[in-house]
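Notes follow the structure.
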Amino acid sequence: MSTSRKPSRFPRPLIASLFHWKNIATVAAAITIAVSFYRYMDLLHSGAVVAYLLYPASIGCLALLLYHSVYVRLPEVRLFGTFFAWVLVVIALNMNRADGALSTEWFHSLCATSFLCFSLPYAFESTEQPRIVSFLAWFTVFIGGALSALSLYFVATGRIIDINASIEGVLGIGADNRLGMFCHPNTAASICGIGIVLSVYLYFTLRGKLLRFVLLFPFVLFVIALALTDSRTGILSTALALGFDVFFILNTRCFCAPKKLFNSLLAIVIATACMALFYQGNVWIRQGYNALTSRVTIGTAVIVEAVKSTSTTGDSTPDANESSPAQAPSTEVSNRGLSNFDNFNGRTAIWSATLKGLAENPSILLTGTTPLIAGQTMTPYFPTEAPRGLFHNSFVAVLVSFGLPGLLLILAFIALLFVRSLRLITRNLYNEQQLPARLLTSVLIFTLAESMMEQFLFVDGMPSLVWVWFLLAAGFTFCFSREAPQAPAD
């Protein structure tokens, strides 16, 4: 008697590969990116996702990396591990002031970004890493593009959403005449800037014409939304990253190798011109929006006045329940230009006050304070008009939070990252196969430039997009510097 079974629809090796721990870690990293968007809409549930999903996943990913690979033998991993160990020492030294730091959202976020984002590239072979970068980049561009489209829709209709008073921003043009995405306009600018840089990365690493055409839509949405935020830091950081992109693309796609010096100098000139054009383009977008808004406002006022005059001279009285004409958007966006550029819009006063506070409390330079009480400790020294507890610089915040040893470890990590990036850029500059790796360094440039003026890296209470992509790009750059990757196939 025959006992043959019907073959399964999906072979078991395929199903097993889908649930491999590396793929699960990649999905967890994508969820971390999603949380960096959703945190501004619902902080409570975002914190629950970080604490009960991403934090355990990050510990599991670290354990499997230590078991399956030579992860711990790498110099950058040892350096970053030393910094993490020092963070634990700072928590122990400040246990009386920052009780329960190990159970806070900040520590869970630090583990998630460190063990999921920075460590993720080391779980894959060099041939698989470009596909992982492309997947995470597509995921970020999709969510960021959808949020930008939604915010621009509310701008066009003249409406805003303020779902909770505890949220730091609205969706639409806020009271400060700048575009928000449920977060401060400067934070919204960082979302748009990363979206622009990743869109360029995907455009020049994919081969399909249809996918490239699709990428144009989120790119345009990001550019318009970035201009309406009027964030000088976000716009200049994006322009700087795009300038490096133009330099890399010209040297690999447009110029031939024989005239290396002349081509490099010409690429620098063109890249600088593109940076200036991008900044001026943002100014033109804001001016165009304001001009369009003023025309629509004047037209709406004329229509309303005509309706009123008709109702007063006519024989019939209009019904009280009859709706009035819909109001068109009338809020202009700010166009600050480079005003207050000499003091970075008051940031230098905050940094000077922080240094004064450290001079009066020198023990902080050794023991730190942890990010939980760093802002509270230095706020009494801040200018009266400055935001409470915000250093507006990630490295100043690291200095106060983890002391001078913590800052030196981070700077050593960035210096090593700079050396590896420089090696990656200068090695076979005209080799097109290394273009994806070089374009990824633009993400590092953008995130570091943003972190010089905002408080994103290592001290934020929840994962931010700048923090997540800095560590992702750092991990992949270290891996790519050892072996140049190929462009991902369609």
Side-chain angles (χ1 to χ4, degrees), residues 15-72 74 76-78 80-92 94-95 98-124 128-129 132-133 135-136 139-140 143 370-372 401-402 456-476 479:
I15 297 177
S17 64
L18 289 177
F19 290 96
H20 195 277
W21 71 270
K22 297 180 181 180
N23 296 328
I24 294 176
T26 304
V27 173
I31 295 175
T32 307
I33 294 174
V35 168
S36 67
F37 286 97
Y38 187 66
R39 56 171 286 191
Y40 303 110
M41 309 174 201
D42 190 348
L43 184 61
L44 178 62
H45 292 90
S46 298
V49 172
V50 172
Y52 299 112
L53 178 61
L54 298 180
Y55 176 59
S58 66
I59 300 299
C61 180
L62 176 64
L64 290 168
L65 276 172
L66 295 176
Y67 179 76
H68 285 285
S69 67
V70 294
Y71 173 72
V72 75
L74 302 174
E76 67 270 16
V77 174
R78 292 186 176 184
F80 194 80
T82 304
F83 166 73
F84 194 87
W86 175 252
V87 170
L88 297 178
V89 171
V90 170
I91 292 175
N94 293 274
M95 192 65 70
D99 188 20
L102 296 178
S103 61
T104 59
E105 295 173 345
W106 158 74
F107 184 75
H108 296 159
S109 301
L110 179 65
C111 292
T113 54
S114 301
F115 305 147
L116 281 177
C117 300
F118 174 69
S119 304
L120 180 66
Y122 299 92
F124 294 91
E128 301 173 311
Q129 291 166 354
I132 304 303
V133 178
F135 168 73
L136 296 175
F139 189 77
T140 305
I143 298 181
T370 75
L372 304 178
S401 300
F402 308 123
F456 287 127
L457 300 182
F458 305 109
V459 295
D460 205 347
M462 289 283 289
S464 65
L465 202 59
V466 172
W467 188 3
V468 169
W469 267 105
F470 170 73
L471 290 180
L472 278 172
F476 280 109
C479 293

Output yes when a side-chain donor or acceptor of [X] lies under 3.5 Å from a complementary backbone atom of [Y], and no otherwise.
{"X": "Trp106", "Y": "Pro371", "result": "no"}
{"X": "Glu105", "Y": "Met462", "result": "no"}
{"X": "Ser119", "Y": "Ser114", "result": "yes"}

Does [X] reach the side chain of [Y], with side-chain heavy atoms less than 4.5 Å apart?
{"X": "Asp460", "Y": "Arg39", "value": "yes"}
{"X": "Pro463", "Y": "Val50", "value": "yes"}
{"X": "Trp469", "Y": "Leu136", "value": "yes"}
{"X": "Glu76", "Y": "Tyr122", "value": "yes"}
{"X": "Phe124", "Y": "Thr26", "value": "yes"}
{"X": "Phe84", "Y": "Phe458", "value": "no"}
{"X": "Val459", "Y": "Trp467", "value": "no"}
{"X": "Tyr55", "Y": "Ile59", "value": "yes"}

### Query
Taking all atoms of both residues into account, what is the closest heavy-atom pair of Ala25 and Cys61, and its distance?
CB-SG, 4.1 Å
## Note on the structure
Minimal heavy-atom distance between Pro121 and Cys479, with the atoms involved, is CB-SG, 3.8 Å
### Task
Evaluate the side-chain contact (heavy atoms from CB on, under 4.5 Å) criterion for residues Phe476 and Leu472: first the C-alpha distance (whole Å), next the side-chain angles of each, then the deciding distance (0.1 Å), finally the verdict.
CA-CA 6 Å; Phe476 280 109; Leu472 278 172; 4.2 Å; yes
### Task
Check the pair Thr140, Phe37 against side-chain contact (heavy atoms from CB on, under 4.5 Å), reporting the backbone distance first and the verdict last.
CA-CA 9 Å; Thr140 305; Phe37 286 97; 4.2 Å; yes
#### Entry: Check against ring-ring contact (aromatic ring centres under 6.0 Å, His included), Phe470 and Phe118
CA-CA 8 Å; Phe470 170 73; Phe118 174 69; 8.9 Å; no
Inter-residue atom distance [X].[atom1] - [Y].[atom2], 0.5 Å rounding:
{"X": "Leu457", "Y": "Ser464", "atom1": "CG", "atom2": "OG", "answer": "7.0 Å"}
{"X": "His108", "Y": "Ser58", "atom1": "NE2", "atom2": "OG", "answer": "9.0 Å"}
{"X": "Cys117", "Y": "Ile33", "atom1": "SG", "atom2": "CD1", "answer": "7.0 Å"}
{"X": "Leu120", "Y": "Gln129", "atom1": "CG", "atom2": "CD", "answer": "9.0 Å"}
{"X": "Leu102", "Y": "Ile91", "atom1": "CG", "atom2": "CD1", "answer": "4.5 Å"}

### Query
Picking from Thr32, Ile31, Val468, Leu471, what satisfies side chain to side chain contact (heavy atoms under 4.5 Å, CB included) with Leu116?
Thr32
### Task
Could you give me the CA-CA distance, side-chain angles and deciding distance for Phe115 and Leu65, then say whether side-chain contact (heavy atoms from CB on, under 4.5 Å) is met?
CA-CA 9 Å; Phe115 305 147; Leu65 276 172; over 6 Å; no
### Query
Between Phe107 and Leu88, does a side-chain contact (heavy atoms from CB on, under 4.5 Å) hold up when you go through it step by step?
CA-CA 10 Å; Phe107 184 75; Leu88 297 178; 3.8 Å; yes
